[in-house]
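The structure appears right after this line, and notes come after that.
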Amino acid sequence: MTPGKFITLEGIDGAGKSTHIPDIANALRGRGKEVLITREPGGTALGEKLRELLLHEPMHAETETLLMFAARREHLEQVIRPALQRGACVISDRFTDASFAYQCGGRGVAADKVEQLERWVQGDFQPDLTLLFDVPVAISTQRLVAARDPDRFERERGEFFDCVRRAYLERAARFPQRFRVIDASKPLTEVKVLLDKIIATI
Ligand code: TYD
């Protein structure tokens with residue numbers, strides 16, 4: 001157990017999770033907590049270089065999985081664990097649930113391979129709270145169309161995101177003690193009210 005809290009945000013591309021990060025951070029800071037905002041893949045100098053490759057370079061699904069965990073290894077040791085040790089709240093825009101959702105659910109990589117990597121890279125370490133921004137693919141696709149240049153993941157078809165979404169919901173059902181599923185098709189103000197309530201319990 002570490003003194004800080006590890007909060008992860010998950011959801012399919014276009015679910016809108018990143019929009020809420022500043023508000024979540026401000027709510028925690030308002031309660032006197034140190035907050036560190038980070039993201040995956042990324043979060044370290046090496047991790048950001050791996051992110052560039054992961055988002056733009058064509059590669060085998062298992063190579064993609066291995067690079068996600070290589071970036072995560074650095075991120076955990078250099079950034080996440082030290083911050084938690086000093087009592088900070090760490091908010092990460094995605095973490096290992098994304099590997100189960102995208103690489104297993106979306107790309108079809110065997111779950112036992114990802115479980116092995118999870119055990120290797122993080123042992124028993126898990127987020128204290130995972131906010132899953134859940135939205136039907138038809139809505140997330142509309143949001144993505146309005147967004148900038150799509151990356152390798154954002155260019156995937158609707159069926160890919162249906163599988164990713166289903167895998168996320170399965171994770172949430174399997175680990176109900178740390179997951180909170182948020183209906184991200186609701187208006188932003190309603191989502192914010194719900195998030196404030198959840199954050200107040202941390
Ligand atoms: P994302 O977090 O959506 O950032 P942005 O909002 O800037 O596009 O992009 C990261 C992408 O990486 C996203 O499409 C999901 C993917 N990803 C995985 O496939 N597996 C993982 O383990 C992680 C952390 C991310």
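All heavy atoms count here, side chains included; hydrogens, waters and symmetry mates do not. Since the structure is predicted, the reported quantities are computational estimates derived from the model, not experimental observations.
The side-chain heavy atoms of Thr189 and Val193, taken from C-beta on, include no pair separated by under 4.5 Å. Proximity of Pro136 to Arg165: side-chain heavy atoms (C-beta onward) are separated by under 4.5 Å at one or more points. Residues Thr130 and Tyr168 have side chains not in contact (no heavy-atom distance under 4.5 Å, counting atoms from C-beta outward). Taking the side chain as every heavy atom from C-beta outward, Thr65 and Lys113 never approach each other to under 4.5 Å. Using a 4.5 Å heavy-atom threshold, the side chains of Phe175 and Gln126 count as separate. Glu34 places none of its side-chain heavy atoms less than 4.5 Å from the side chain of Cys89. In this structure, Met59 and Leu54 have side chains that are in contact, with non-hydrogen atoms separated by less than 4.5 Å. Annotation: side chain of Leu76 is in contact with side chain of Phe125 (closest heavy-atom distance under 4.5 Å).
Scanning both residues, Gln122 and Thr96, for their nearest heavy atoms gives OE1-OG1, 2.8 Å. Annotation for Ala15 and Ser140: closest pair N-CB, 4.4 Å, computed over non-hydrogen atoms. Nearest heavy-atom pair, Glu10 versus Phe95, reported as atom, atom and distance to 0.1 Å: OE2-N, 2.8 Å. Taking every heavy atom of both residues into account, Pro176 and Ala173 meet most closely at CD-O, 3.4 Å.
Judged by distance alone, the side chain of Glu52 and the main-chain N or O of Lys49 form no donor-acceptor pair under 3.5 Å. Without hydrogens or angle criteria, Asp128 side chain to Phe6 main chain gives a donor-acceptor distance under 3.5 Å. One N or O on the side chain of Arg51 and one on the backbone of Pro41 form a donor-acceptor pair closer than 3.5 Å.
Counting only residues at least two apart or on different chains, the salt bridge (Lys or Arg N to Asp or Glu O under 4.0 Å) pairs with a member in residues 95-111 are Glu64-Arg107, Asp97-Arg171, Asp97-Arg178, Arg107-Glu156.
Between His20 and Phe133, the angle of the ring planes stays under 30°, which puts this pair in the parallel group of the 30/60° scheme.
Here Ile139 contributes atom CD1 and Leu144 contributes atom CG; the two are 12.5 Å apart, rounded to the nearest 0.5 Å. Atom CD1 of residue Ile202 and atom CD1 of residue Ile7 lie 3.5 Å apart, to the nearest 0.5 angstrom. The structure places CD1 of Ile21 at 7.0 Å from CD1 of Ile91, a figure rounded to the nearest 0.5 Å. The CG atom of Leu46 sits 12.0 Å away from atom CZ of Arg73, with the distance rounded to the nearest 0.5 Å. Between atom NZ of residue Lys17 and atom CG of residue Leu132 there is a gap of 11.0 Å, rounded to the nearest 0.5 Å. Between the OG1 atom of Thr44 and the CG atom of Leu50 there is a distance of 7.5 Å, given to the nearest 0.5 Å.
When hydrophobic clusters are built by joining Ile, Leu, Val, Met, Phe, Trp and Tyr residues whose side-chain heavy atoms come closer than 4.5 Å, directly or via intermediates, Phe153 is not grouped with Phe100. Cluster membership check: Leu9 shares its hydrophobic cluster with Ile199, using side-chain heavy-atom separations under 4.5 Å among Ile, Leu, Val, Met, Phe, Trp and Tyr. Hydrophobic clustering keeps Val181 apart from Leu131 (ILVMFWY residues linked when any side-chain heavy atoms are closer than 4.5 Å, directly or through intermediates). Each of Val145 and Phe160 belongs to its own hydrophobic cluster when Ile, Leu, Val, Met, Phe, Trp and Tyr are linked at side-chain heavy-atom distances under 4.5 angstrom.
Salt bridge annotation for Glu77-Arg81: present, with a cationic side-chain nitrogen under 4.0 angstrom from a carboxylate oxygen. Ion pair Glu48/Arg39 flagged as a salt bridge, since at least one NZ, NE, NH1 or NH2 atom sits closer than 4.0 Å to an Asp/Glu carboxylate oxygen. The existence of a salt bridge linking Arg166 and Asp162 is excluded, since no basic side-chain nitrogen approaches an acidic carboxylate oxygen closer than 4.0 Å.
A cation-pi geometry, defined here as NZ or CZ lying under 6.0 Å from the six-membered ring centre and within 45° of its normal, holds between Arg72 and Phe69.
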I would like to know whether Ser92 and His75 meet side-chain contact (heavy atoms from CB on, under 4.5 Å); could you show each step before the answer? CA-CA 10 Å; Ser92 187; His75 193 207; 3.8 Å; yes
